[in-house]
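Presented below is the structure to which this report refers.
All chains are named by letter (A, B, ...) in the order of the sequence lines, taking the proteins before the strands, and each is independently numbered beginning at 1. Predicted, not measured: the structure shown is a model, and the values here were computed from it.
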Amino acid sequence: MAAPLPMMKFWKPGLEAPGVGEERELSSEIGGSPVIYNPLSSLSIEKQRQKLPVFKHRNHILYLVENYQTVVIVGETGSGKSTQIPQYLLEAGWAAEGKVIGVTQPRRVAATSVASRVAEERGALLGHEVGYTIRFDDCSDPHATRIKFLTDGMLVREMMADPLLKKYSVLMLDEAHERTLYTDIAIGLLKKIQKKRRDLRLIIASATLDAKKFQEFFNLNESGDPNKDTCRILTVEGRTYPVDIFYTVSPVPDYVKATVETVLKIHETEGDGDVLAFLTGQEEVERVVSLLVEQARALSRFGMKKHLRVLPMYAGLPYQEQMKVFERAPPSVRKVVVATNIAETSITINGIVFVIDCAFVKLRAYNPKTAIESLVVTPISKASATQRAGRGGRNRSGKCFRLYTEEDYEELPPVTVPEMQRTNLSPVILQLKALGIDNVLRFNFLSPPPAQSMVQALELLYALGGLDQYGRLTEPMGVRMAEFPLSPMFAKMLLESGNFGCSKEIVTIAAMMQIQNVFLSPPNQKKAAAREHRKFAVAEGDHLTILNVYEAFIKHQKSSQWCQEHFLNYKGLLRAVTVREQLRRLMTKFKVPRTSSEGDPDVILKCIVSGFFANAARLHHSGSYRTLRDDRELHIHPTSVLYAEKPPKWVVFNEVVQTSKYYMRDVTAIESSWLVELAPHFYKQAKNRSIGSKRAKMT
DNA sequence: GAGCACTGC
């Protein structure tokens with residue numbers, strides 16, 4: 001029986017224009033498959049192009065690009081900027097004499113789907129005049145491609161081979177307001193390049209809030225005379241529908257329950273239209289889904305005409321389950337998508353009219369004092385709240401129910417802290433060093449990270465042998481580490497694996513560790529999944545366990561059926577095969593011998609220690625663990641195969657996540673003597689240590 | 001006995 005519904009009280013303070021310059025009507029799919037369009041005649045394509053709001057600004061944009069080194073374009077959702085501006089530049093001759101117009105995107109799907117749309121508009125085959133480059137997939141022609149879409153991470157990689165990016169005449173950084181790690185790195189580096197290449201033009205596509213910041217950053221005019229400015233802002237209106245915003249009258253004690261109540265209230269009192277609810281994590285999503293499914297059953301028993309179809313959406317969900325949120329529901333059914341932040345930018349679901357926003361998000365945080373990264377539930381920014389609301393105004397006017405008061409909204413920070421300021425910087429610093437930035441502390445960061453984070457990164461890179469005592473990249477170790485598309489610890493482990501005689505196994509382990517959610521546990525089959533997963537488990541820990549999984553996957557001819565039976569992530573495992581191949585090629589390039597441990601686990605474990613010695617912990621008499629670096633309390637994560645086992649005395653781990661406690665993930669048992677043997681500079685014997693030492697004593 | 005936002009090279 002359905003419990004009586006407590007009434008949620010909302011009031012409506014007025015209209016708010018949605019959309020923070022997001023534009024993703026193309027990517028209504030995930031997983032990299034481009035969207036397929038109906039064939040259109042060239043005439044109707046031309047007409048459609050001219051109807052886009054950005055078309056009115058065509059000449060003005062070209063004028064600004066001609067006369068200013070940098071143009072910041074504030075392009076609202078639906079303005080058409082991502083697809084049109086590159087074409088205007090092409091038509092105006094910016095790709096003459098073999099030059100290329102480059103457009104970056106933070107995500108792979110966006111790069112491929114926008115590229116295919118533009119190719120289609122030009123009647124071109126993708127990969128010729130219009131192409132894209134993302135990791136593992138280069139669909140561009142070095143001679144023929146004039147407009148190239150790429151991920152911003154890929155652009156940074158290209159700078160390693162071509163530091164001045166000579167082949168580009170114009171670079172457009174799309175979605176720059178998202179401030180992803182690689183967008184920020186690219187921005188700092190491009191400013192440096194611009195000083196040497198006055199001919200290079202930049203277009204920064206951003207949201208209103210950040211436009212001024214970008215302009216100030218890129219304005220090279222120091223004369224004080226505004227006529228000599230090198231950067232200008234242009235705003236292009238979008239095309240979206242209004243979204244009514246509703247706040248609660250009083251604070252909500254439990255947003256999970258409030259989400260369920262609000263969905264039911266919408267269902268009872270509102271007209272047609274699908275619902276999208278934002279929550280912070282998988283657990284919350286599943287809880288809301290099961291509560292709603294229960295209520296929906298009760299409602300249908302009471303003869304409610306319209307049915308509810310409740311669907312979860314988060315990154316860890318198996319692919320087939322994810323695809324269900326894109327299926328259109330019949331008119332008699334209302335679709336309710338309960339999602340994590342994945343639905344804020346990464347995917348777009350058509351037909352959403354009602355949005356429910358809990359005001360929270362799970363974000364990565366980094367503690368520069370302890371060098372521990374964690375995931376923390378944090379209040380969202382105003383920009384995020386606007387973005388979420390805008391998800392309801394894409395096809396027609398919508399409504400957004402915010403599960404917080406208007407006063408609470410006013411307290412939210414304007415924008416989210418850039419990733420650069422809340423991450424472990426060792427991969428960033430290594431990359432910058434490889435790009436010839438000697439003094440990283442003085443690098444032109446758009447938002448400088450905490451100095452302590454940089455110091456931690458420099459210390460770790462030194463301990464790994466990637467930097468010398470003067471902070472210079474070492475040859476060959478540091479140079480090679482920077483070439484790997486992995487964190488420096490993984491790169492070190494791979495480069496050492498030849499010496500340990502286990503490079504075949506290590507390259508598999510490294511590839512597998514890049515895949516999230518290797519093991520699937522569907523909410524209703526948890527027991528069965530755990531039983532299957534145990535078959536791969538070994539006492540040494542998680543690293544050798546995932547090695548077993550990969551080898552079994554290959555032994556069973558990469559069968560998807562086999563994956564399903566063992567509750568393993570088939571798409572993830574296929575990706576591991578590709579990643580492994582890329583890593584193996586780099587190993588061959590650096591002449592790392594291809595060796596196998598032939599069943600001896602110890603050499604593999606020692607090799608892991610050679611990269612991960614900084615992440616070591618010892619068993620404390622309390623039953624928990626303590627880091628060797630600074631004696632912090634840690635616990636084995638419940639997903640580790642070591643969780644239920646007799647706890648080993650010494651372990652290394654891949655990462656720490658902080659939820660209710662600090663949990664080590666991907667944990668492997670080691671011998672303490674290996675630490676002294678393999679990282680003597682990092683862990684010296686107790687007798688030489690002073691009391692105030694940063695490094696903990698070995699016992 | 002108890003838990004894994006999201007990208008990207």
Side-chain angles (χ1 to χ4, degrees), chain A residues 30 32 104-111 133-138 150-161 175 178-186 278-287 313-317 339-347 358 360-365 373-378 380 384 416 418-419 422-423 427-428 430-431 434-435 481-488 490-491 514-521 523 526 530 542 569 575 578-579 582-583 586 623 635-640 643-645 654-666:
Chain A
I30 42 172
T104 72
Q105 296 286 342
R107 280 168 293 279
R108 299 159 52 96
V109 218
T133 306
I134 59 177
R135 185 182 175 192
F136 302 130
D137 190 4
D138 183 3
L150 65 171
T151 48
D152 37 28
M154 212 54 215
L155 183 72
V156 173
R157 284 277 149 184
E158 285 194 357
M159 292 186 204
M160 286 173 80
E175 318 289 4
E178 284 189 27
R179 305 293 307 275
T180 66
L181 198 57
Y182 279 105
T183 311
D184 271 22
I185 297 172
F278 286 98
L279 290 151
T280 72
Q282 173 179 342
E283 201 188 331
E284 282 173 10
V285 167
E286 294 292 0
R287 238 166 78 211
M313 181 72 202
Y314 47 86
L317 202 65
T340 62
N341 220 36
I342 193 170
E344 192 179 301
T345 49
S346 302
I347 59 156
C358 71
F360 288 96
V361 64
K362 209 176 276 188
L363 276 187
R364 186 183 4 232
E373 272 188 325
S374 50
L375 286 171
V376 186
V377 175
T378 327
I380 59 169
S384 258
T416 310
E419 197 182 358
R422 49 183 173 86
T423 190
V428 176
L430 186 66
Q431 288 246 296
L435 288 160
M481 278 168 66
E483 273 210 48
F484 277 95
L486 300 175
S487 80
F490 280 108
Q514 311 312 309
I515 313 307
Q516 298 108 354
N517 311 302
V518 172
F519 299 105
L520 305 175
S521 26
K526 281 196 169 172
D542 298 309
N569 178 352
R575 190 169 161 78
T578 330
V579 173
Q582 190 197 18
L583 298 178
L586 277 167
H635 300 264
I636 292 181
H637 196 281
T639 53
S640 170
Y643 183 75
E645 302 297 315
N654 179 20
E655 60 175 355
V656 174
V657 292
Q658 178 194 2
T659 48
S660 53
K661 293 172 183 167
Y662 285 100
Y663 286 103
M664 300 177 276
R665 293 183 71 184
D666 299 315

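Here A:D152 lies out of heavy-atom contact (under 4.0 Å) with every strand. Heavy atoms of A:L181 sit nowhere under 4.0 angstrom from any nucleic acid atom. Heavy atoms of A:T340 sit under 4.0 angstrom from primed sugar atoms or phosphate atoms, though from no base atom. Residue-level contact check: A:R364 touches the bases, meaning some heavy atom is under 4.0 Å from a base atom.
Per the geometry, OH belonging to A:Y662 stands 15 Å off P belonging to B:dG3, to the nearest Å. Atom CD of A:E655 is separated from atom P of B:dA5 by 12 Å (rounded to the nearest Å). Spacing between atom CD of A:E419 and atom C1' of B:dC9 amounts to 13 Å, rounded to whole angstrom units. One interatomic measurement links the two molecules: CZ of A:R287 to P of B:dA2, which rounds to 16 Å at whole-angstrom precision.
Each of A:I134 and A:V361 lies near DNA chain B, and the nucleotide nearest A:V361 is the one positioned closer to the 5' end. Each of A:E283 and A:A315 has a nearest nucleotide on DNA chain B; the 5'-most of these lies closest to A:E283.
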- prompt: Do A:I134 and A:L150 pass the side-chain contact (heavy atoms from CB on, under 4.5 Å) test, and can you show the C-alpha distance, the side-chain angles, and the key distance before you say yes or no?
  reply: CA-CA 6 Å; A:I134 59 177; A:L150 65 171; 6.0 Å; no

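For A:E419 and A:T423, the side-chain atoms include no donor-acceptor pair closer than 3.5 Å.
The backbone N or O of A:H637 lies less than 3.5 Å from no partner atom in the side chain of A:T639, so there is not a single donor-acceptor pair.
A:T151 has a side-chain polar atom (N or O) that falls below the 4.0 Å cut-off from OP1 or OP2 of B:dC9.
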